[in-house]
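Quick notes on the structure that follows.
If you read the sequence from its start, that first residue is 1, and numbering goes on from there. The model shown is predicted, which means the values in this text are computed figures rather than measured ones.
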Amino acid sequence: MAAKPHPALMKKHSQTDLVSRLKTRKILGVGGEDDDGEVHRSKISQMLGNEIKFAVREPVGLRLWILFSAVVFTVMALMALVFPNQLYEVVFDQEQTGTSVSIRLYGGAILSLSLIMWNGLYTLEKVIIQWTLLSEACYFAVQFLVTSVTLVELGSLPNAAILLLLSRIFFLTVTLSYYYHLGRRAKKI
């Protein structure tokens, strides 16, 4: 008895079969929106998270502001480390009576903050950028308070100190504005 030849098997190409593909994606739980309104293209991106969303929602000019802040902090730190007495004289319009150690320590602290700014410039993670902006805002607030108290104690109000106080208020406002806008969620359409 001769065996009948079986007809050639037809392979089903599930990649081209749209219904099968949609069913598979539904079972895996990808392709639809999750609770945050994100659409994941694969299970891996759903599990690991999508880091590209942080770079997309940055406010206009944020990177330029962080660059400006990093440069200003670095320059101020180097001035405080190298020329402490001159920096004090420019701000308070008086000669410094004590040692310059405190101003050099201030320069070291500002240099540390500038390194945080430089790191925040090159990162893509939203949380690190927020902490960078928050540390900058805290610095401006504390410097405003310390400078104000020092001026009250000295009983003088030089033009350079007024300019410094006004600039700190401006920098604090801009930094907090970027911090607020970076933390906001994008509106769903």
Side-chain angles (χ1 to χ4, degrees), residues 33-40 45-84 86-88 90-92 101-153 157-189:
E33 285 189 7
D34 63 3
D35 295 337
D36 294 329
E38 296 178 28
V39 177
H40 297 281
S45 71
Q46 187 178 13
M47 297 298 285
L48 296 178
N50 190 1
E51 295 296 324
I52 194 74
K53 66 181 177 184
F54 298 130
V56 175
R57 296 183 186 156
E58 284 183 4
V60 176
L62 174 67
R63 295 294 175 167
L64 190 63
W65 175 254
I66 294 175
L67 174 66
F68 174 75
S69 297
V71 169
V72 169
F73 273 61
T74 304
V75 169
M76 287 299 293
L78 293 176
M79 285 177 59
L81 288 171
V82 178
F83 307 113
Q86 290 79 3
L87 184 65
Y88 186 86
V90 166
V91 173
F92 295 109
V101 173
S102 59
I103 297 176
R104 286 199 168 120
L105 287 172
Y106 165 76
I110 299 303
L111 189 61
S112 299
L113 279 174
S114 75
L115 293 175
I116 293 172
M117 300 296 158
W118 287 111
N119 183 40
L121 181 65
Y122 295 110
T123 189
L124 294 176
E125 294 186 37
K126 181 178 170 182
V127 174
I128 292 176
I129 296 172
Q130 283 180 315
W131 276 105
T132 301
L133 291 170
L134 191 60
S135 63
E136 183 180 3
C138 288
Y139 164 76
F140 289 137
V142 168
Q143 188 183 29
F144 177 81
L145 291 173
V146 169
T147 305
S148 300
V149 168
T150 304
L151 290 172
V152 168
E153 287 176 353
L157 202 58
N159 290 336
I162 293 172
L163 183 63
L164 178 72
L165 290 175
L166 291 176
S167 68
R168 293 309 171 226
I169 291 172
F170 173 72
F171 291 153
L172 179 64
T173 305
V174 172
T175 302
L176 287 177
S177 172
Y178 276 123
Y179 178 78
Y180 171 74
H181 287 298
L182 190 65
R184 286 182 33 192
R185 291 181 150 222
K187 292 183 180 180
K188 293 181 183 178
I189 299 172

Exercise. Determine, stepwise, if the pair V71 / W118 fulfils side chain to side chain contact (heavy atoms under 4.5 Å, CB included).
Key: CA-CA 9 Å; V71 169; W118 287 111; 3.9 Å; yes
Quiz prompt | Distance (rounded to the nearest 0.5 Å) between Y106 OH and M76 CE | solution = 4.5 Å
Practice problem: Kindly compute the distance separating OG (S69) from CG (L113), expressed to the nearest 0.5 Å. | Solution: 10.5 Å
Self-check item: Worked check of side chain to side chain contact (heavy atoms under 4.5 Å, CB included) between L151 and I162
Solution: CA-CA 10 Å; L151 290 172; I162 293 172; over 6 Å; no
Self-check item: Rounded distance [0.5 Å steps], CD1 in I110 versus CG in L81
Solution: 10.0 Å
Quiz item: How many angstroms lie between atom CH2 of W131 and atom CD of E136, to the nearest 0.5 angstrom?
Solution: 14.5 Å
Exercise. Check whether the ring centres of F73 and F140 lie less than 6.0 Å apart, and answer yes or no.
Key: yes
Distance-only criterion, 3.5 Å: show the donor-acceptor pairs between side-chain atoms of residues 171-179 and protein atoms not counting sequence neighbours.
from: T173; atom 1: OG1; to: I169; atom 2: O; distance (Å): 2.8
from: T175; atom 1: OG1; to: W65; atom 2: NE1; distance (Å): 3.3
from: T175; atom 1: OG1; to: F171; atom 2: O; distance (Å): 2.8
from: Y178; atom 1: OH; to: V60; atom 2: O; distance (Å): 3.1
from: Y178; atom 1: OH; to: G61; atom 2: O; distance (Å): 3.3

Practice problem: Compare every heavy atom of A70 with every heavy atom of S114, then report the nearest pair and how far apart it is. | Solution: CB-O, 4.1 Å
Self-check item: For the student: nearest non-hydrogen atoms of A80 and G107, plus distance
Solution: CB-CA, 3.5 Å
Practice problem: Could you give me the CA-CA distance, side-chain angles and deciding distance for L182 and K126, then say whether side chain to side chain contact (heavy atoms under 4.5 Å, CB included) is met? | Solution: CA-CA 8 Å; L182 190 65; K126 181 178 170 182; 4.2 Å; yes
Quiz item: Once you round to the nearest 0.5 Å, how far does CG of L87 lie from CG of L78?
Solution: 11.5 Å
Practice problem: Spell out, as yes or no, whether a donor-acceptor pair under 3.5 Å connects the side chain of R63 to the backbone of L121. | Solution: yes
Quiz item: Sequence neighbours excluded, which residues qualify as side-chain contact (heavy atoms from CB on, under 4.5 Å) partners of I128?
Solution: N119, T123, E125, T132
Quiz item: What pair of heavy atoms forms the shortest contact from M117 to S135, and how long is it?
Solution: CE-OG, 4.5 Å
